[in-house]
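Chain A is the first sequence line, chain B the second, and so forth, proteins listed ahead of strands; every chain is numbered from 1. Only a predicted model underlies this, so the values are computations on that prediction, with no experimental measurement involved.
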Amino acid sequence: MPELPEVETVKNALAPHLQGKIIKACHFFTAGLRQKLDEELFNNAFIGTKIIRLKRRSKYLIFELDNNKWILSHLGMTGSWRLCPSTEARKKHEHISVLLGDGTQDLRYCDPRRFGEFRMITAPLNKDDDPQALAHLGPEPFDDAFNQAYLWNLSRNKTKAVKGFIMDPKTVCGIGNIYASETLFRCGISPLRKTQKLTKKDCHNLISHSQEVLQQAIAAGGTTIIDFQAPDGSEGWFHQQLNVYGRNGKKCTTCDKVIKRVVQTGRSSFYCPGCQK
DNA sequence: CGCGGCCCCTGGCCGC
DNA sequence: TGCGGCCAGGGGCCGC
């Protein structure tokens with residue numbers, strides 16, 4: 001589902017179909033997602049504009065348009081985009097329709113929990129060519145800026161648990177609840193450990209293992225996407241590859257201890273008390 | 001400023 | 001079979 005690797009996969013799948021296309025009209029079938037959706041405002045800004053590029057930053061999809069505006073799309077927990085003929089009947093929980101080209105092709109957004117976002121951005125770009133609205137985000141996990149010295153310095157004097165630290169997009173983008181648990185398992189670090197207790201070696205491991213986990217998930221993107229679009233048939237990459245996530249009460253894949261579940265700031269964390277200290 | 005708690009929303013699943 | 005409770009991969013805001 002929509003964590004960094006899945007958003008990357010969605011971007012790669014949609015980009016060739018969207019780049020160069022003209023927006024004919026937007027229709028909203030809901031008053032709002034996380035924010036209010038104003039159909040008139042969007043149509044005034046976007047009708048007749050061309051989609052130049054589709055990008056990803058953190059877990060955001062960015063539609064770059066030819067009139068110095070951008071659309072930010074965030075999938076929240078349950079959001080998905082699909083392309084279909086505009087004659088196709090609207091499915092349950094489809095909230096947005098973006099008609100493309102001559103209007104026969106339709107980009108539809110579906111989101112049962114409506115935790116997603118669809119936002120118009122007009123502010124200038126920052127130095128990384130991203131909308132200023134995303135300037136608060138930390139480095140991408142594969143960016144050179146996400147290095148040992150950076151993580152070590154940032155981790156000093158932080159009393160909060162390391163699980164929250166690596167899930168914080170100001171620390172690094174794209175590590176959600178699943179990949180946080182999986183990364184910490186591979187590092188042998190307990191999710192409960194205080195951030196300031198990380199060693200330099202731990203910082204190095206957090207970087208290499210988070211990259212490894214995300215890279216493997218990106219490589220499995222196709223499979224994940226099928227699960228994502230058909231949430232009821234969830235027999236995908238995750239269930240085969242996860243070492244700790246959702247495995248509480250089951251035996252560790254490495255030692256003979258039992259995986260534990262704890263709740264941290266309202267979210268479940270899973271870890272092996274034998275392997276992770 | 002850092003941190004935890006709580007909220008947005010629907011639906012699936014589990015136990016009674 | 002129905003119903004209440006709990007859980008869900010994200011992130012913003014608020015109060016301490």
Measure from NZ or CZ of R90(A) to the centre of the six-membered ring of F29(A), then state whether that distance is under 6.0 Å and the direction lies within 45° of the axis. yes
Proximity to the side chain of R114(A) - top-ranked nucleotide from dC9(B), dC3(B), dC7(C): dC9(B)
Measure the distance from CG on L75(A) to P on dC9(B) and round it to the nearest whole Å. 19 Å
Measure from CZ on R56(A) to P on dG10(C) and round the result to the nearest Å. 14 Å
Using Watson-Crick geometry (N1-N3 plus N6-O4 or O6-N4) or G-U wobble (N1-O2, O6-N3), each under 3.5 Å, dG11(B) is paired with dC7(C)
Once you round it to whole Å, what is the distance between C1' of dG10(C) and CE of M77(A)? 5 Å
Classify the side chain of R113(A) versus the base of dC9(B) as yes if they form a donor-acceptor pair under 3.5 Å and no if they do not. yes
Of the listed dC3(B), dG11(B), dA8(C), the closest approach to the T159(A) side chain comes from dC3(B)
In whole angstroms, the gap separating P of dG2(B) from CD of Q264(A) amounts to 19 Å
Grab the CD1-C1' distance between I178(A) and dA8(C) for me, whole Å please. 10 Å
Taking the side chain as C-beta and beyond, is there a heavy-atom pair between R261(A) and R247(A) under 4.5 Å? no
For G176(A), which contact category applies under a 4.0 Å heavy-atom criterion: base, sugar-phosphate, or nothing? sugar-phosphate
How does protein reach along nucleotides 11-16 of chain C, written 5' to 3' as B (base within reach of a heavy atom under 4.0 Å), S (only sugar-phosphate), or - (no contact)? SS----
Starting at atom CD of E6(A), determine the distance to atom C1' of dG9(C), rounded to an integer number of angstrom. 8 Å
Is any side-chain N or O of Y179(A) closer than 4.0 Å to OP1 or OP2 of dG9(C)? no
Proximal nucleotide (of dG11(B), dC7(C), dG4(B)) relative to the K160(A) side chain: dG4(B)
Compare all side-chain heavy atoms of L184(A) with those of Q276(A) and state whether any distance is below 4.5 angstrom. yes
How long is the line joining CG of D168(A) and C1' of dG9(C), in whole Å? 17 Å
Could you tell me how far apart H95(A) (NE2) and dC9(B) (P) are, to the nearest whole angstrom? 12 Å
Any salt bridge between E140(A) and R56(A), counting N to O under 4.0 Å? yes
Identify which one of W70(A), F42(A), F46(A) satisfies the ring-ring contact (aromatic ring centres under 6.0 Å, His included) criterion when paired with F118(A). F42(A)
Whether E88(A) and R108(A) form a salt bridge (side-chain N of Lys/Arg under 4.0 Å from carboxylate O of Asp/Glu) is what I want to check. no
Give me the distance, rounded to whole Å, that separates dC3(C) from dC9(B) when you measure between the P atoms they each carry. 23 Å
Flag this pair as yes if the NZ/CZ of R113(A) is under 6.0 angstrom from the six-membered ring centre of F115(A) and inside a 45 degree cone about the axis; otherwise no. yes
Does dC13(C) pair with anything, Watson-Crick or G-U wobble, both distances under 3.5 Å, and if so, with which nucleotide? dG5(B)
Is the base of dC8(B) stacked against the aromatic ring of F115(A), taking ring centres under 5.5 Å apart and planes under 30° as the test? yes
Could you tell me whether D202(A) and R193(A) have a side-chain N and a carboxylate O separated by less than 4.0 Å? yes
Please work out if K170(A) contacts a base, only the sugar-phosphate, or nothing of the nucleic acid, heavy-atom cut-off 4.0 Å. nothing
Does OP1 or OP2 of dA8(C) have a side-chain N or O of S268(A) closer than 4.0 Å? yes
